[in-house]
Each structure stands twice: as structure tokens, then as C-alpha cells.
There are 4 protein chains.
Amino acid sequence: MNILTEKQRTEKAEKIADTALQLFQTRSFGSITMSQIAAKSGVGKGTLFNYFETKENIFMRLLLSGYQDYFENLIQDFQKLPSQVSVEEFSNFMINQTQYLIRDKSVLVRLNALRAPVLEGRANMDQTLAGRQVLYETSQRLGQVISEHVTFISKSEASHLFIVQSAIISGLMNMMGLDEFDHEQLSPKFTDFKINLETDAIQTLKFYLTGFFASKKQ
Amino acid sequence: MNILTEKQRTEKAEKIADTALQLFQTRSFGSITMSQIAAKSGVGKGTLFNYFETKENIFMRLLLSGYQDYFENLIQDFQKLPSQVSVEEFSNFMINQTQYLIRDKSVLVRLNALRAPVLEGRANMDQTLAGRQVLYETSQRLGQVISEHVTFISKSEASHLFIVQSAIISGLMNMMGLDEFDHEQLSPKFTDFKINLETDAIQTLKFYLTGFFASKKQ
Amino acid sequence: MNILTEKQRTEKAEKIADTALQLFQTRSFGSITMSQIAAKSGVGKGTLFNYFETKENIFMRLLLSGYQDYFENLIQDFQKLPSQVSVEEFSNFMINQTQYLIRDKSVLVRLNALRAPVLEGRANMDQTLAGRQVLYETSQRLGQVISEHVTFISKSEASHLFIVQSAIISGLMNMMGLDEFDHEQLSPKFTDFKINLETDAIQTLKFYLTGFFASKKQ
Amino acid sequence: MNILTEKQRTEKAEKIADTALQLFQTRSFGSITMSQIAAKSGVGKGTLFNYFETKENIFMRLLLSGYQDYFENLIQDFQKLPSQVSVEEFSNFMINQTQYLIRDKSVLVRLNALRAPVLEGRANMDQTLAGRQVLYETSQRLGQVISEHVTFISKSEASHLFIVQSAIISGLMNMMGLDEFDHEQLSPKFTDFKINLETDAIQTLKFYLTGFFASKKQ
DNA sequence: GATGAATGAGGATTCATTCAT
DNA sequence: AATGAATGAATCCTCATTCAT
């Protein structure tokens, strides 16, 4: 066990990160401890630090690789589409993606909210920037692919669109739960404060896309 | 000093809360300590706890009273407008407000992001709900006023609009700084990741409003 | 209200002390706060300190005056008895007293257990010793009265007997509740650990008195 | 240092507990701090909490293991005695034990006085009850052994006798020091208040045993 | 004399991280 | 490489006491 292959090393790091992700589904960053991650991963506490310098690095990696995977999948999905895609078809695609992000990848969006205020303060800068660089390139490739399929949208605009998409979901997420307190439902009150995340996000994105394409057509 | 009037008590509580707010302009919730707030307020550490049960209560109060003030001002501003306001005029109003929120009240939006994951866990529930109740009523009054001035928008829709507005700003804020690391500007890179908060928020809101009114007119 | 008569002053001090005593019936010294005493007494927190230098002084006073009253009453009771009292009658008297102490004055015994380890560290020494002096004299008078009524017991022995009586009750009290945990009854277990305070105290005292008088008669 | 054997773990826990015990010889529970225990044990403050959940748990353990050892030793001592022991021999044995408890194990008795009012509020209940269970069984075994050696005393009575023994010592201890103040000897005064712990405890126990056996013989 | 606002020393406890094995 | 025991800085909070009014 003395010398691990690169693959073995990567797999163990992933196991640790995955465990952290699972914990993050139901708990906040602050309430997750390294001990819990170690116990649930089935590795020793010290081992964590052989793979990640700090707790923040674990979550920064989750954020970067999560978006990396998401963007890669988007590229794949897009390449399956016919060479030309109408504005309407593209909008539907984005709406489906939004639904998917909310239903299956909401942690990604929650991780995003941690990045600047929590993670960057103690994450390894070089590592983070290297990951971000790769992500940026992927995002550029994604933008490229989209711009090739959809008239009226440039590479830059496409790339930026996904930032806006995440922003909308993240923002609405922040505003959710005003009809609850600490996850306890309150007696029916505050109805106009209530956010239906999926409905509101899709509507907001739809309006955004409509507005965006309208502005391009002029 | 023996017995404080309600006003004096409120003023001191506000002084403490204001200090916390100032610290929050440049630091994160987690890195602000009660000792710092005490020292910077010029009061003893114990005094803090005479005014606020917990650290979280301080910030919950800032959040609630911040939005309370914001909504109250909006009502005032709106009442100065002519009895009928066109959709375009209303949109401009909202855009100005967005700019104002970003430029002068961005902490409010950042506080919002703390609410569910951080504050509610340890804030006094009754106090919070009382504050939220008042805020809700104000938001309803605001919605009422708007619906009276603007055709095509109901009280509920107007009230909900401000939630969306905050969501957009908050979400974009979360996505900002991808061209920085821990507030250090990086050499020009990641340009398509860059969020220009004001521009992007206004554009997104504009699109939202356009889409919203278009959907109403049908 | 500027100048209080000695009587008024004493009455207020007693009101405060009484409140503390009431709280002590159901709570421990450590969990009683000066704020609670003030609130329940209906006086200001600062007023407490006009009457008692420290929290410990309040309880020391309760201890001293409690025993003072108890001894005074004993003297009165004794003086009502016929001039000669048999050993058996005296024993019955002591047993009744034990029962009374347990049923109605158990706080007194609990206070006793606080004296050395808790109170003396921060109680006013002069005041305490003055009180103890008075108590001592009363105890001597009590001893005197008893020795006059009961053959076979000297003043010193009688005086000492009450110390032993309190010791027995206090000690058994300390050993109570081994069939409970933090006042929660446990499922029937530990039966031989169980102390029945009244029964055990009376039996122990009875044995003590029997032994004592037997040793004197030899 | 990587993984400690059960024995090593126990030893370190004992080292910490021993340190607490030493401090408790001369200071009160309330005035002993975790920092002091850590410093005097030569371990870090955090280490304390790896071994004991709370400060109260340390002292609860001292209490339980102290009595456990005491009872075990008593069983051993008793098994060395001839198969039949006269009432007088047994009484002498108990008196010697009382002397030993007072001279060498008085902290044990002082710890007992902390149990209900102080320790149980914050000690781990399951741990405590497990320890108490073991102690109870030991006490039963001790009772058994005694009842086998001494006619006139049942297992239950023997077991209960040790509770009474501790109660007598503990109670007298509470009443001690009335000729002192905060451990400072006062000029010769209050002589009849003076408890000579050893003499008084032995005498009280002797009377108790005499009374007890007399009641059995009838 | 009465009051309660202000105080701050002091305490228990948490947890990311280190490092000897 | 893996481990988990050890660590101690850091944090929130309590509450007896002081003192200006």
C-alpha cells in the first residue's frame, strides 16, 4: 500500500469529496466536520489531509469538478442535436437544464454561494485557479458549440448565459423558505413571500431568454 | 443611566447593530466576532448580550430592519408618483431601485443569503417571525400601492416582484468575482466569467419585466 | 424613602433572603442567579447589593438565621416540658425533631452542606462569625436547658447532639437518590442503595441515642 | 502514538482523572477549571475532551471508580478473614474501615456530596448508570460475603450498611469546621460546635452497629 | 435609597490541523 | 501511505458586581 498509482490516489480523493458532497446535501458547510467526513468515508482523519490541504479545498474541488462535469455533459448533449437549432428549441433546452440543475444538482448552486465568502479565504489558490482555468476552457468550448448551433448567440454570450442561469437559481434559492423558519413550515402566512423555486426559476429564465433574443433581433 | 427610555434602548441596540453592519461590509459573518463588535461599538462584551441574545440575532435584525426600511422608502417614493404610471415608467423605477440596492444596500442582499443556512439556526424564532410579519405587511402595502398606480400588475405580483429583484441581485452577487481570488484581482483572464453586477442585474430585471408585462397583455 | 428605619431595613433584607430560600427549595445554589432573586423579590438587582455584599452572604444568613430560629424554638418547646424528662421521653422528642427537620426544614440541612465548600469562600467573615457567635450562645442555652431537664446529659453533650443530628440527616441526604438520575426515577434497580431518608435518619439517631445513654449509665 | 491500546487509553484517562482528584483534595469543584486540569496533567486542553465529555464526567468517574475500588478492597479484606466472624470483630472491622475512609479516602465522601446537586446535571447518564450498575453488583457481592461471615446480618443489610457509613462520614464532614472560617482556625471558641471527625464518626458508627445488632438479636 | 444598565473576567467547549508511529 | 491521538487557538456566552442617576 506504500505507493499508490495516480488512479488509486484520484479515486480515494474522489471518495472523500463524494462523502463531503453527500453530507452537504442535508447540512451546511459550517456544521459538517472533518471527523464526520472521515468517518463516513471510512478513512482516517489524517488521511483527509493527505488528499486535501484544508476543509475548504474539499468543497472548492467539489464546486469546480461539479461544474466541470455539468459543462462537459452539456457539450455532449449539444453535440447530439442537429446542426441548426431554433431559438425556441434552444430555450426549451435551457429550461430543461434549469429543471435538471434544480432537481439533481442544487448542491452545485449552493456550493457556488460559499465560494467567495467562505472557500476562497482558505482554499489553495494555485489549485483553485488551475481548476478554474480548465473550467473556463470548457465553458468556452461549450459556448463555441452553442454558437455554432444557434444563430443569434455568440460564444461569449453563450458562456455567460450559464453564469446567469446559476445566478437565477442561486438567488431564488436564497430567497426561499420565507414561509418557514429553520425548515419548520409556518402556519399558512407569508404566501406572497413564497418562492416556488422551479416555477420561478424557469419563468425568470424564460423571460431572460426572450428578452435576450429579442434584443439580438433588433 | 438608571432606566433607559425605549428610545435610548433602541438607539443603543442600533448602534451595536450598525457596528456589526459596518464590519459585515468587508468581512464575512463567520470572521466577525462578538468581541470585535463590542470593541468597535465602544461597549462591553456583556452589553451586547443585554441587547441581543445571540450573534445571529444581531444579523437577523439587520436583515429585517434593512428590508423594512427599504420597503418603507419604496412606498414613500411611489406615493410621490402620479396616480397612473406607465409600464415603462414603472420599469425604469425598478431599474433605478436595483441600481440603488446594488450601490448602497448590497449588504442587505448578502445578509439575505445568510438567513436560512446560518441565521435561522440560532436566531430567536418569535422575534424573527414578528419582524417578518411586519415586513410582510409592509410588502403587502407596497404591493397595494404599486397595483394602484400600475395597470397590469396585481398586489401579489408586485409584492413577489421584489423577491425576484433581490433574488437576481443576490444570485449574480454569488457568481461574481470569478475573475478574482479572495478579492485579489487576477491578471485579465476568465473574461466571460466576469459578472458586472450592475449591468447584468439591470439587464436581467429588464428582461424579466418585459417578459412579465408581455405575458399580462396577452 | 431616603432614610429607612432599622426595622424597614431588616424587613427588606428578610424579604430578599426569603426569596432566595424559596428558590433554593427547588434549585441548586449554582443555578440560582441574583437576577432571579431580584425579580422574584420585586426589588432591583442593585438593591440586593445594598443589603448583602455577595450572593454567598445571602445564603450564609439563611443558614445562620435558620438554625437560630430552630434552636430558639427548641428552647421554647423544652421549657414547656416538665422539670424532669426521662431518657425515653427525651429520645422521642429528638426523633420528633428529626422528623420535623426532614419534613419542614430540609433546606436548612442542605444549606449546611454549602457552608464550607461554597459559602465561606466569599461570605463576609466578620458578619458570619458574629452570627455564629449568637448561634453558639443559643446552642449553649439550649444545651443548658436540656441538661437541666435530662439527667445523664451535660450542656456540652446536648449542644453537640444537635450537630450530630444535622450531620446524620445531611449525610443521608447526600446519599439519597442513588435509585434516580438527575431526579428522574430509574426502573426499579439499585434497591439496596435506596435511602428512605426519614426512616433511616430516625433509626440512625435512635441507635445513636441508645448508644449514647448506654455509655453514660455505665 | 497512532492507535492506543485500551490499556493506554485507560491509563491516560486515569492520569487526567487523578490530576482532577489531586486538585480536588484542596480546592472545590467550582474553583477547579479544565485548564488547570490540563496544565497539571501535562496534556492539552483539547485532550481532556477526547477522554471526558464534560468536567462533570471526570468527577463522576472519580466517584464511581473510587467506591468501586473501595468495595473491591473490602471484599478482598473480608475474604481473608476466618469463615465465621463475631459481631464484635465485624464491628471493629467497620470501625477500622471508617478510620481508613476518613484518613485516606475523604475525597470520596466529598465527591458523593457533589453527585446529585452538581454532577448529575451534566454527566453522561448512560455512562454513569453503567458505572453505578457495576458498583451495585460489587456492593451486592460485598453484602453477600459479609452475610456469609457474620450471623445476624443479611446481604441487603450489609450492603445498606456501607451507605450509612458514608452518610455518617459525609454528614459529619459537612458539619466540620464550625471552629474555622474558610479553613482559617479561629481563636478557641465554639468548642461545642467542634466536630472531631474521626472520633465522632467512629462513635456514631459504633452506636449504630450496637443498636443494629441489638435489634437483630431480639 | 433604589435602580438597572454596563461590565469583563472567566469558563467550557469545538474542531481543523499536525505529526509520531 | 494511513492513521487517530494530541493539540490549543478561538469563540460564544454567563453572571456577580459596580456605579451613575
Side-chain angles (χ1 to χ4, degrees), chain A residues 1-4 8-9 12 30-39 42-58 122, chain B residues 1-4 8-9 12 30-39 41-56 122, chain C residues 1-4 8-9 12 30-39 42-58 122, chain D residues 1-5 8-9 12 30-39 41-56 58 122:
Chain A
M1 196 205 275
N2 220 349
I3 274 199
L4 266 58
Q8 286 175 311
R9 200 175 157 74
K12 184 160 276 192
S31 71
I32 296 170
T33 70
M34 290 300 259
S35 294
Q36 287 164 6
I37 298 174
V43 303
K45 217 193 300 190
T47 309
L48 258 46
F49 291 86
N50 290 344
Y51 289 86
F52 298 95
E53 285 172 57
T54 62
K55 182 184 172 186
E56 284 78 7
N57 269 341
I58 302 181
R122 300 180 41 82
Chain B
M1 189 215 285
N2 195 8
I3 187 157
L4 266 54
Q8 286 175 311
R9 200 177 157 74
K12 181 155 279 190
S31 70
I32 296 170
T33 71
M34 289 299 258
S35 296
Q36 287 163 8
I37 298 174
S41 306
V43 303
K45 218 188 297 188
T47 308
L48 255 49
F49 292 91
N50 288 346
Y51 287 86
F52 297 95
E53 284 171 56
T54 61
K55 183 183 164 186
E56 283 77 9
R122 298 179 44 78
Chain C
M1 194 203 276
N2 222 350
I3 274 197
L4 266 57
Q8 286 174 310
R9 200 178 157 73
K12 184 159 278 190
S31 70
I32 297 169
T33 69
M34 291 299 258
S35 294
Q36 287 163 7
I37 298 174
V43 302
K45 217 193 299 190
T47 308
L48 259 45
F49 291 87
N50 290 344
Y51 289 85
F52 297 95
E53 285 172 56
T54 61
K55 182 183 171 187
E56 285 76 8
N57 269 343
I58 301 180
R122 300 178 43 79
Chain D
M1 186 213 285
N2 194 8
I3 188 156
L4 266 54
T5 61
Q8 285 175 310
R9 200 178 156 72
K12 180 155 280 189
S31 71
I32 296 170
T33 70
M34 289 300 258
S35 294
Q36 287 164 7
I37 297 174
S41 305
V43 302
K45 219 188 297 189
T47 307
L48 257 48
F49 291 88
N50 288 345
Y51 287 86
F52 297 95
E53 285 171 56
T54 60
K55 182 182 167 187
E56 284 77 7
I58 302 182
R122 299 178 44 79

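Please read these numbers as outputs of a predicted model, since none were measured by experiment. Below, chain A is the first sequence line, B the second, and so on; all start at residue 1.
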Q.
Once side-chain hydrogen bond (donor to acceptor under 3.5 Å, both in side chains) is applied, do any residues pair with D/Thr54, and if so which ones, sequence neighbours excluded?
A. none
Q.
Please confirm whether the shortest side-chain N or O distance from B/Lys12 to OP1 or OP2 of E/dA6 is below 4.0 Å.
A. yes
Q: Please tell me which of C/Glu56 and D/Val43 maps to the more 5' nucleotide of DNA chain F, matching each residue to the nucleotide holding its nearest heavy atom.
A: D/Val43
Q: List in numerical order all residues of residues 47-55 of chain B for which some heavy atom is under 4.0 Å away from an atom belonging to DNA chain F.
A: B/Phe49, B/Thr54, B/Lys55
Q.
In this structure, how many angstroms lie between the C1' atom of F/dC12 and the CZ atom of B/Arg122, rounded?
A. 8 Å
Q | salt bridge (charged side-chain N to carboxylate O under 4.0 Å, His left out) involving D/Arg122 - partner list, sequence neighbours excluded | A | D/Glu56
Q.
Using a heavy-atom cut-off of 4.0 Å across all strands, would you classify A/Ile58 as base, sugar-phosphate, or nothing?
A. nothing
(Q) Let me spell it out: for each of A/Ser35 and D/Gly30, pick the nucleotide of DNA chain E with the closest heavy atom. Which residue's pick is nearer the 5' end? (A) D/Gly30
Q) In terms of the nearest nucleotide of DNA chain F, which residue is placed more toward the 5' end: A/Gly46 or B/Met34? A) A/Gly46
Q | Helical stems, DNA chain F - three or more consecutive Watson-Crick or G-U wobble pairs below 3.5 Å | A | E:2-21 with F:2-21
**Q.** Residues in side-chain hydrogen bond (donor to acceptor under 3.5 Å, both in side chains) contact with C/Gln8, at least two apart in sequence or another chain
**A.** C/Thr5
Q: Provide, to the nearest angstrom, the distance between the CZ atom belonging to B/Arg9 and the C1' atom belonging to E/dA6.
A: 12 Å
Q.
According to side chain to side chain contact (heavy atoms under 4.5 Å, CB included), who are the partners of A/Phe49, at least two apart in sequence or on a separate chain?
A. A/Met34
Q: Taking the side chain as every heavy atom from C-beta outward, state whether D/Phe52 and D/Leu48 have any pair of such atoms under 4.5 Å apart.
A: no
**Q.** Atom-to-atom span, CD1 of D/Ile37 to P of F/dG8 - whole angstrom
**A.** 17 Å
Q: To the nearest 0.5 angstrom, please state how far the CG atom of B/Asn50 sits from the NZ atom of B/Lys12.
A: 9.5 Å
Q | All side-chain hydrogen bond (donor to acceptor under 3.5 Å, both in side chains) counterparts of A/Gln36, not counting sequence neighbours | A | none
Q.
Run the side-chain hydrogen bond (donor to acceptor under 3.5 Å, both in side chains) test against A/Ser35 and tell me which residues pass, sequence neighbours left out.
A. A/Lys45
Q) Given F/dA16, E/dA12, F/dC12, which nucleotide is nearest the side-chain atoms of B/Lys45? A) F/dC12
